[in-house]
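What follows is a short report on a single structure.
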Amino acid sequence: MPSNPFKESLISRQRPGPCSLVIFGATGDLTHRKLIPALYNLAVDGELPPQTKVLAFARRDKTDDDFRSELEEANRKHSRQGHDDAIWRHFAESIHYHRSEFQDDQGYASLADRLDQFDHQRGAPANRLFYLASAPEFFEPIMTHIRQADLNRPADGCWARVVCEKPFGTDLKSARSLNQVVSEAFDERDTYRIDHYLGKETAQNIMVLRFANALFEPLWRNRFVDHVQITCAENLGMEGGRGGYYDKSGALRDMVQNHLFQLLSLVAMEPPIGLSADAVRDEKVKVLRSLRPLVGPEQVGANVVRAQYTAGSVDGVVRPGYREEDRVDPASMTESYVALRLFIDTWRWSGVPFYIRVGKQLPKKATEISVHFKATPQIPFNTDAVRGGKNVLVIRIQPDEGIALRFLSKMPGSALRMEPVKMNFHYRDSFGKTSPEAYERLLLDAMAGDATLFARRDEVEAAWKFIDELQHAWHESESPPPMASYPAGSWGPKEADQLLGQDDRVWRRL
Ligand code: BG6
């Protein structure tokens, strides 16, 4: 028996009971890179509920052992806390493989048998968590089969829940229809639409920063805030055969509709009346509903810039242009970059622009939110330094997680000269340990029945409603706004700089 693989650990809520986790589409990248390393790390920390079983449901032919050794290799590469053979061996015994087509009734009947066998081994019925990690076109048939096989009906005293991976639909219509299908099998309170950005420590800290500190919240409004920027830069392109998926999606649907809108909601929401999942999500959805719609090519063209990268170099490595990428249509009109100017029509944010930019093949990987405060009156210093040195609060979501505050200081010396200086908080220095990966937190939350960090039905639909108008202007209007370009390795197209330039502002240099 390894030293102490499943040690007791202190967590503030009750540890969830035993659970069978069924992962649909388990041979994919997500399971190897994220889900299994997350479960393994929960086991290392002693947070994985006892007697957890993982059942991988997929179409390829494999034995349990084949599958376990594939996962072991992946875990060695991707586990946050390294790989311990003894802990792995113990953990891997809980992983099993179930071969079936997603549309095969028989596959679900035998799935039910296997889940019953697990319960039998445990000596009592256990909870069931179904994880949709397959290609999205299979979500509907999987849901229908789960319902037909009665797998959504838990035994007395147990629960059955579903976790849906993104993309949750490709537009409002498909999201609604998927919501409908899911709701026929699971109640909303048992439906967990994952957005891994919400699982990031730094995203969770936004509420703490805003609502547990006296310092920031009084200033967090149009009277003091000049504008807000949210940047999500990636220095990768279409590696690993992603071009096929991405070319059908694009930056707006791949990142803005979900991750960036979630960050926006957390930054702009009103204080919730409590910490229940619904209290928090009630406030977040109001932000999305208050987004001023951009309708028609003129409004979209004036407030949104879309672009594709051309050949260039990132970190000294030569990269092809977007249209030359593997599995990308050479005449593609899919954006690899998008910048938006948004307004939230509420009292708090009236007149404050929110600028969002996201793109592939930018110079580095970095996600951050910066809140730019207004300048004080020039009196009594009467110098441009006051205008040039406005306060900026930067929330670094990743990497180098932390928060920085820029303010003006007098330079030492007899003359009155001012320079912007920085107060800087780094998670790694203050807490001395790495934050859990987003999927660790989210899997555990789903098992514990806490949906706070998952998107609710109305949030997803409100986000799609806004995004649909932009897609429509780009792809279905008679005079669509142009597609700009930027060389790989640059910070995006000049048109995005002009978007802020028109307002006499500039993007923050990261
Ligand atoms: C995914 C997108 O949801 O998020 C990817 O589909 C993107 O295109 C990824 O690369 C970014 O996640 P992270 O956590 O690496 O910032």
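Side chains included, hydrogens not; waters and symmetry mates left out as well; all remaining heavy atoms used. One-based numbering, in listed order, for ligands and for the atoms of each.
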Top protein contact for [atom], by heavy-atom distance:
atom: atom 6 (O) of ligand 1; answer: Asp254 OD1, 2.6 Å
atom: atom 12 (O) of ligand 1; answer: His196 NE2, 3.1 Å
atom: atom 5 (C) of ligand 1; answer: Arg242 NH1, 3.2 Å
atom: atom 16 (O) of ligand 1; answer: Tyr197 OH, 2.4 Å
atom: atom 15 (O) of ligand 1; answer: Lys365 NZ, 2.7 Å
atom: atom 11 (C) of ligand 1; answer: Glu234 OE1, 3.8 Å

Under 3.5 Å between any N/O of [X] and any N/O of ligand 1: does that happen in this structure?
X: Tyr246; answer: no
X: Tyr245; answer: no
X: Thr367; answer: no

**Item:** Proximal candidate to atom 14 (O) of ligand 1 [heavy atom criterion; set Glu437, Lys200, Met255]
**Value:** Lys200
**Asked** Which option out of Lys34, Lys166, Arg253, Glu165 puts a heavy atom nearest to atom 1 (C) of ligand 1?
**Response** Lys166
**Prompt:** Shortest non-hydrogen contact from Ala203 to Tyr197?
**Reply:** CB-O, 3.2 Å
**Prompt:** When the ring planes of His259 and His196 are compared, do they come out parallel, tilted or perpendicular, using 30° and 60° as the limits?
**Reply:** perpendicular
**Request:** If the plane angle is over 60° it's perpendicular, under 30° parallel, otherwise tilted; pick one for Tyr322 and Tyr309.
**Result:** perpendicular
**Asked** Below 4.0 angstrom, N of the basic side chain to O of the carboxylate: do Arg68 and Glu72 qualify?
**Response** no
**Asked** Between Arg319 and Glu239, does at least one N-O distance fall below 4.0 Å, as a salt bridge requires?
**Response** yes
**Asked** Which of the numbered atoms in ligand 1 are below 4.0 angstrom from a heavy atom of His259?
**Response** 1 (C), 3 (O), 4 (O)
**Request:** Output the list of atoms in ligand 1 that are nearer than 4.0 Å to some heavy atom of Lys360, sorted by atom number.
**Result:** 5 (C), 7 (C), 8 (O), 10 (O)
**Over 12 non-hydrogen atoms of neighbours within 6.0 angstrom of CZ in Arg189** = no
**Prompt:** Does CD in Glu73 sit with more than 12 non-hydrogen atoms of other residues, nucleotides or ligands closer than 6.0 Å?
**Reply:** no
**Item:** salt bridge (charged side-chain N to carboxylate O under 4.0 Å, His left out), paired with Asp458, selected from Lys284, Arg281, Arg289
**Value:** Arg289
**Item:** Trp349 and Phe354 aromatic centres sub-6.0 Å
**Value:** yes
